[in-house]
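Chain A is the first sequence line, chain B the second, and so forth, proteins listed ahead of strands; every chain is numbered from 1. Keep in mind it's a predicted model, so treat the numbers as computed, not measured. Keep in mind that the numbers below use all heavy atoms, side chains included, and drop hydrogens, waters and symmetry copies.
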Amino acid sequence: MSVFIIRRLLQALVVIFLMSLIVFAGINIVGDPVDLLISPEADQAEIEATIRRLGLDRPWHEQYGYFLLNAFKGDLGNSFIFAEPALKLILQRMPATLELAFAAMLIAVVFGIPLGMYAGLKPDSTTSKTIMAGSILGFSLPTFWVGLMLIMVFAVMLGWLPSTGRGDTTELLGIQVSFLTWDGIQHLILPAFNLALFKMSLVIRLARAGTKEVALQDYIKFARAKGLSSRRVVLVHVAKNIMIPVVTVLGLELGGVIAFAVVTETVFAWPGMGKLLIDSIQLLDRPVVVAYLLITVFMFILINLVVDILYSILDPRVRLKDVKA
Amino acid sequence: MITPTLEVANLRTHFFTKNGVVKAVDGISFKVDEGEVLGLVGESGSGKTVTGFSIIGLVDPPGEVVDGGILFHGRNLVELPDEEMRDLRGSKIAMIFQDPMMTLNPVLRIDTQMVEAVRAHKNVSRDSAYQRARETLVAVGIASPDERLKAYPHQFSGGMRQRVAIAIALLNEPDLIIADEPTTALDVTIQAQILFEAQKLCRRTGTAMIWITHDLTVVAGLADRICVMYAGRDVEHGSVDEVLDTPLHPYTYGLIGSVPSRNRRGRPLHQIPGMTPSLLNLPPGCAFRDRCPRATEVCMEQPPLAPHGPGRTARCFHPHVNGDKSRRAEMEAESK
């Protein structure tokens, strides 16, 4: 197991290195930040001074070497705009995004799995068909539109819930969180639901497909032949078997939700990383974009590792071995 | 007269599919006494397994028991409320399935699967349920039970898994065990061991058993009586010796003739021509008619179950009764 984890982390280093190269080269092609950074009134000497200060007078591979050198020291460069370390900027925004993402995942799992299992157990009932139709909507409606509709209905027309910001936050282990205050929770509900809708539809479909398949297995019939209550058969024998695909997909999706909560954060003015990324791309704040993407890659790798470890807990047949594959 | 452990009377279980009604079981009657082993024999698709599921009340939609009675100690199971039926399952009536690789839940430990089976019926502590599980594993011949209880199904071989499944069936000391081809998926040496254990348990505890199989050699050594099924109906009943030595129904006759034997080495194997008819639209009359060498005009009608001596019945207008050449002689004549 530990060999497995070490091997994974080494692979991760290679991936991060390659990723940084691609991102660095890519962002250099997108545009020149100088035009946006320097005020139009600046004279030529000022412009050249700024360019030199930001290191933009060097060819890009030299810039990359310099970046790499600093990255090993834990410094991903300073933001052009805020003149603060890019890493610090991102980490400041991260709790907000993480909170939103985990809330969304929680909603997706808590509602998605029971609904999906129900639809799988009683595929012909009207309720199941309604659930499945709903999941198709959840899949296909664009997030921003759903977000706007949620704001319109619940914030504007009904006036039940606030539509922007995080609300009151409290400090938990040195991090600002919303979910501990009532005001914060109210602010969290709409964006979290908006972000959860797609994942929830996904979980419903996975849980339903899994349940339909597992319910036909001999071991379920055998469990019933033992005289177990249908409650126990469903909640233990079926549920534990459908968790494997659900955990896989949710693991992958969690990375996606954290990294690309951009749309929801923009619609609900949620002060998270996604919003920072959008702003940084618009202002061509290279160090922030690069740092953001590197953190994202790292997060995906970490989540995949956790998913692999979870597998071995859920499915005894999977033992983490030092496999070459 | 004592009531038999189980009496099935004219059971009909039909499946209402989109393509029509599949009459998987269409009128079968038999009884099993305490301590007796009944061999339920027939080809694939003859309705043996559905009969088993009907008894234990696990026929899933679109299937439904449409007619007949299943009297367990005189109580009709067909009319029993779901909750009472659930309580009977696993405690008074247990079932063992065909494929041991599929009957245990892959993600739950053996102890979990055994303890839950005990606690579903008896209000006992986890510890005493565990002790019961341990005892039962020892009884079916599993060494180092404590270690085994902590293991997952994939750590067991097929034979071991089937022993565990049998142990689970025995946990609550049932009065009736329905064994659905439990040795088919196992190799012969393991098969012999399992048969030996099954027989020993029945004799010792007085448990009645229905042994569903297509393998005549298995029932020959195990069963007391035989019920032969064909296309959802019982075609012949009798003691195991009588049925195997002097089969009445041409289907039973053919079935026995199909078993390879040492005496017939080098000759072509005997086989029943044709194949099992589709249960979706059975023609009227005897379902075996098209494959039967003895069929005549009268077979266009459904033959009744006719008595042929004590405890012997057959559903045929032209049975191989005494006066016919003996089975072996006839077969030898055929192959010359």
Side-chain angles (χ1 to χ4, degrees), chain A residues 113 117-129 206-207 210-248 307-321, chain B residues 49 52-53 55-62 82-110 112-122 150-155 161 164-165 168-172 174 177-178 180 185:
Chain A
I113 292 178
M117 286 183 69
Y118 182 86
L121 290 169
K122 296 193 161 70
D124 296 322
S125 77
T126 318
T127 318
S128 302
K129 284 176 180 158
L206 282 171
T211 305
K212 276 182 98 170
E213 195 188 315
V214 169
L216 296 176
Q217 298 292 321
D218 268 5
Y219 54 77
I220 297 303
K221 203 147 197 176
F222 189 66
R224 289 166 66 203
K226 288 196 292 193
L228 302 183
S229 60
S230 28
R231 202 182 132 83
R232 176 150 182 108
V233 172
V234 170
L235 295 186
V236 177
H237 287 255
V238 177
K240 211 171 169 202
N241 275 287
I242 65 163
M243 287 317 284
I244 294 159
V246 173
V247 166
T248 315
V307 167
D308 278 333
I309 293 169
L310 263 185
Y311 270 167
S312 68
I313 296 170
L314 279 175
D315 189 344
R317 288 163 296 185
V318 177
R319 284 283 167 250
L320 300 180
K321 275 178 296 199
Chain B
T49 301
F53 281 137
I55 295 167
I56 203 167
L58 284 181
V59 177
D60 288 322
D82 286 350
E83 178 54 28
E84 282 178 50
M85 192 62 218
R86 182 202 63 75
D87 195 40
L88 273 186
R89 272 200 292 273
S91 63
K92 296 289 170 213
I93 307 178
M95 190 154 178
I96 306 165
F97 288 26
Q98 175 168 3
D99 186 354
M101 306 311 268
M102 298 300 298
T103 44
L104 298 173
N105 194 321
V107 300
L108 298 175
R109 282 198 327 218
I110 301 298
T112 315
Q113 302 195 42
M114 293 189 81
V115 165
E116 67 177 4
V118 177
R119 283 162 58 94
H121 303 287
K122 290 195 194 94
K150 291 273 171 279
Y152 285 96
H154 70 278
Q155 291 162 298
R161 287 194 211 189
V164 172
I168 290 176
L170 293 172
L171 273 175
N172 295 306
I177 297 176
I178 301 164
D180 184 7

Visitor: Who among Met95(B), Glu83(B), His121(B), Arg119(B) has the most heavy-atom pairs with chain A under 4.5 Å?
Guide: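 Most heavy-atom pairs within the cutoff with chain A belong to His121(B).
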
Visitor: Side chain, backbone, both or neither: which part of Gln113(B) has a non-hydrogen atom closer than 4.5 Å to chain A?
Guide: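 For Gln113(B), backbone and side chain are both near chain A.
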
Visitor: Quick one: CD on Glu116(B) to NZ on Lys226(A), what's the gap to the nearest 0.5 Å?
Guide: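 One gets 4.0 Å once the value is rounded to the nearest 0.5 Å.
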
Visitor: Between the side chain of Arg86(B) and the main-chain N/O of Gly227(A), is any donor-acceptor distance below 3.5 Å?
Guide: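 It does hold such a pair.
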
Visitor: Evaluate whether atom CD of Glu213(A) has more than 12 neighbouring non-hydrogen atoms of other residues, nucleotides or ligands under 6.0 angstrom away.
Guide: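 No, CD of Glu213(A) has 12 or fewer neighbouring heavy atoms, counting only those of other groups under 6.0 Å.
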
Visitor: In terms of heavy-atom proximity below 4.5 Å to chain A, should Ile168(B) be classed as side chain, backbone, both, or neither?
Guide: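 Only the side chain of Ile168(B) comes within 4.5 Å of chain A.
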
Visitor: Might you point out which heavy atoms bring Phe222(A) and Leu104(B) nearest each other, and give the distance in Å?
Guide: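 Scanning both residues, the minimum pair turns out to be CE2-CD2, 4.3 Å.
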
Visitor: I'd like to know if the side chain of Lys240(A) reaches the main chain of Val107(B), judged simply by a donor and an acceptor atom lying under 3.5 Å from each other, with no hydrogens or angles considered.
Guide: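 Checked: pair present.
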
Visitor: Examine distances only and state if a side-chain atom of Lys221(A) and a backbone atom of Leu58(B) form a donor-acceptor pair shorter than 3.5 Å.
Guide: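 Such a contact is found between Lys221(A) side chain and Leu58(B) backbone.
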
Visitor: Which atoms of Asn105(B) are under 4.5 Å from chain A, going by heavy atoms: the side chain, the backbone, both sets, or neither?
Guide: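 Looking at Asn105(B), backbone and side chain both touch chain A.
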
Visitor: Which bit of Ala169(B) comes within less than 4.5 Å of chain A, counting heavy atoms only: side chain, backbone, both or neither?
Guide: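 For Ala169(B), neither part sits under 4.5 Å from chain A.
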
Visitor: Should we count NZ of Lys122(B) as having more than 12 external heavy atoms under 6.0 Å?
Guide: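 Above 12, so yes.
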
Visitor: Can you see which heavy atom on Val236(A) is nearest to which on Leu108(B), and at what distance?
Guide: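 Reported closest heavy-atom pair: CG1-CD1, 3.9 Å.
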
Visitor: If you take all heavy atoms of Leu228(A) and Ala120(B), which pair is closest and at what distance?
Guide: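 Answer, listing the atom of Leu228(A) first, then Ala120(B): CD2-CB, 3.7 Å.
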
Visitor: So, taking the atom named CG in Asp180(B) and the one named CG in Asp218(A), what distance separates them when rounded to the nearest 0.5 Å?
Guide: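 One gets 9.0 Å once the value is rounded to the nearest 0.5 Å.
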
